[in-house]
Protein chains: 2
Amino acid sequence: MSESPQFTTPAVLDDIDRDIIARLHENARISNVELASAVGLSPSSCLARVRSLRERGIIIRYTAEIDPRALGFSLQALVSVRIRPGARHLMGQISDELRQQPEVAQLFFLGGAEDFLIHVRVRDADHVRRFVLDNLSANPAVALTETNLVFEHHTALSAGLRTPL
Amino acid sequence: MSESPQFTTPAVLDDIDRDIIARLHENARISNVELASAVGLSPSSCLARVRSLRERGIIIRYTAEIDPRALGFSLQALVSVRIRPGARHLMGQISDELRQQPEVAQLFFLGGAEDFLIHVRVRDADHVRRFVLDNLSANPAVALTETNLVFEHHTALSAGLRTPL
DNA sequence: CTTGAAAGTAGTCAAGC
DNA sequence: GCTTGACTACTTTCAAG
């Protein structure tokens with residue numbers, strides 16, 4: 001539950017486990033009896049597997065996906081950031097600070113020219129401008145930033161879950 | 001349930017609705033009675049609000065967040081794509097095809113120099129190379145691609161705006 | 001892994017405030 | 001909009017095969 005396994009080697013999962021994972025990924029609120037009958041198990045075995053997947057950290061958490069526009073966050077942007085070469089050791093700290101900002105939805109650490117990419121949700125163009133100024137440009141460790149507006153954002157419902165390996 | 005409201009104007013939500021959203025975002029499997037007592041409502045009123053949020057599309061879906069490494073997807077990458085100017089009308093079709101690939105976790109439509117950015121989960125470097133070759137470079141509508149490896153990926157758990165998986 | 005049973009808990013709906 | 005109360009369904013745990 002509180003562990004964070006590294007999965008250097010893929011976890012041992014059989015076809016039923018993969019089926020359970022896929023179905024919970026599509027609908028985290030499916031009832032245990034319905035899930036059990038869908039994957040061909042008894043409710044008790046199914047529940048034991050789900051609990052094991054959760055305890056092993058394979059199921060990280062259950063979450064409701066919220067439309068940000070309903071909360072007044074109508075604009076999304078991707079901000080790529082390059083850190084000054086002499087300030088790379090500050091990346092962990094900068095990342096921690098960024099992740100505490102309510103605008104930050106995702107943070108990617110990258111290889112290549114840019115050091116990281118920030119997915120932000122904001123009210124409007126002025127909001128993203130202020131976010132970049134206050135949280136990035138003002139930091140002397142930041143060499144440069146580039147902001148791209150997001151017109152559409154899609155999250156796939158089955159990334160690698162239906163046809164694993 | 002099947003509608004996709006645009007929220008050109010933010011939806012009308014009171015503080016209790018926002019509280020419900022935040023708590024379901026943190027734990028989509030919280031029981032209705034526990035949620036009700038947490039936000040100070042009776043179970044029936046709470047359930048009615050949750051159902052309304054779901055029907056209005058404010059709660060998009062409930063999903064289990066899965067650790068991709070457990071399924072053998074140990075590498076992540078961001079692939080930015082530019083479409084040939086004369087082929088922009090094909091972007092919708094290309095997007096639909098991409099979203100059906102099991103490797104695609106997220107798809108961003110962008111303003112600016114690049115047309116979209118793809119977040120992929122793959123087994124290894126060879127897998128991402130083949131993904132780009134087969135799904136992008138082979139398409140004559142694609143002008144150029146750029147692949148960046150992802151060293152770390154964090155999704156923020158803030159204000160009900162996190163993106164699952 | 002399964003079934004079956006028991007006890008506790010949660011979801012649903014109707015009636016009314 | 002809200003609540004209460006009753007009914008139904010689900011979950012959980014157990015023992016036994």
Side-chain angles (χ1 to χ4, degrees), chain A residues 1-3 5 9-67 69-72 157 161-162 164-165, chain B residues 1-3 5 7 9-67 70-71 160 164:
Chain A
M1 209 82 146
S2 55
E3 293 297 304
T9 250
V12 186
L13 302 175
D14 64 17
D15 289 347
I16 296 179
D17 286 322
R18 294 174 194 280
D19 201 6
I20 289 173
I21 287 169
R23 289 174 194 275
L24 283 175
H25 187 237
E26 282 176 27
N27 174 18
R29 293 200 106 185
I30 187 175
S31 79
N32 184 60
V33 282
E34 193 183 338
L35 179 60
S37 90
V39 304
L41 284 183
S42 70
S44 56
S45 322
C46 185
L47 192 63
R49 280 175 184 257
V50 170
R51 200 155 32 198
S52 166
L53 290 168
R54 182 78 179 79
E55 281 163 4
R56 284 188 281 166
I58 293 167
I59 294 172
I60 298 168
R61 62 172 75 89
Y62 303 101
T63 185
E65 189 176 345
I66 307 301
D67 191 320
R69 294 170 297 185
L71 297 167
L157 252 195
L161 293 174
R162 286 285 186 203
L165 305 180
Chain B
M1 211 83 143
S2 55
E3 293 296 305
F7 297 121
T9 249
V12 187
L13 302 175
D14 62 19
D15 289 346
I16 296 179
D17 286 322
R18 295 177 192 279
D19 200 5
I20 288 173
I21 287 171
R23 289 173 194 275
L24 283 174
H25 187 240
E26 282 175 28
N27 175 17
R29 292 199 108 184
I30 187 176
S31 74
N32 184 61
V33 280
E34 193 182 337
L35 178 60
S37 91
V39 304
L41 284 184
S42 72
S44 56
S45 323
C46 184
L47 193 63
R49 279 176 184 257
V50 171
R51 202 154 32 198
S52 166
L53 290 167
R54 182 76 179 79
E55 280 163 4
R56 285 188 280 167
I58 294 167
I59 295 170
I60 298 168
R61 63 171 81 88
Y62 303 102
T63 185
E65 188 176 347
I66 308 301
D67 190 320
L71 297 167

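Convention: sequence-line order gives letters A, B, ...; per-chain numbering from 1.
In this structure, D15(A) places its CG atom where only 12 or fewer heavy-atom neighbours from other residues, nucleotides or ligands lie under 6.0 Å away.
Each of dT12(C), dC2(D), dT2(C) was ranked by its minimum atom distance to the side chain of R51(B); first place goes to dT12(C). Out of dT12(C), dT2(C), dG11(C), the shortest distance to the side chain of S31(B) is found at dG11(C). Here dG11(C) is the nucleotide among dT3(D), dT11(D), dG11(C) with the atom lying nearest to any side-chain atom of L47(B). Residue R49(B) has its side chain nearest to dG1(D) when only dG1(D), dT3(C), dT3(D) are considered. Comparing dT3(C), dC13(C), dC1(C) against the side chain of S44(A) picks out dT3(C) as the nearest.
Side-chain atoms of T63(A) come within 3.5 Å of backbone atoms of H25(B) as a donor-acceptor pair (strictly under, hydrogens ignored). The closest donor-acceptor contact from the side chain of R29(A) to the backbone of A28(B) lies under 3.5 Å. Judged purely by atom type and a 3.5 angstrom limit, R54(B) uses its side chain to pair as donor or acceptor with the backbone of I60(B).
In terms of phosphate contacts, S45(B) brings a side-chain nitrogen or oxygen within less than 4.0 Å of OP1 or OP2 of dT3(D).
Taking atom CG of residue L41(A) and atom P of nucleotide dC1(C), one finds them 7 Å apart after rounding to whole Å. Atom-to-atom, CG of D17(B) to C1' of dC2(D) comes out at 14 Å; the value is rounded to the nearest Å. Per the geometry, OH belonging to Y62(B) stands 11 Å off P belonging to dG11(C), to the nearest Å. Rounded to whole angstrom, the span from the CZ atom of R54(B) across to the P atom of dT12(C) amounts to 13 Å. Atoms CG (N32(A)) and P (dA9(D)) sit 17 Å apart, rounded to a whole Å. To the nearest angstrom, C1' of dC10(D) lies 17 Å from CD1 of I30(B). In this structure, the CG atom of D14(A) is 12 Å from the C1' atom of dC1(C), given to the nearest Å.
The residues D14(B) and R49(B) are annotated as salt-bridged, a charged nitrogen and a carboxylate oxygen being separated by less than 4.0 angstrom.
At the heavy-atom level, R29(B) lies nowhere under 4.0 Å from the strands shown.
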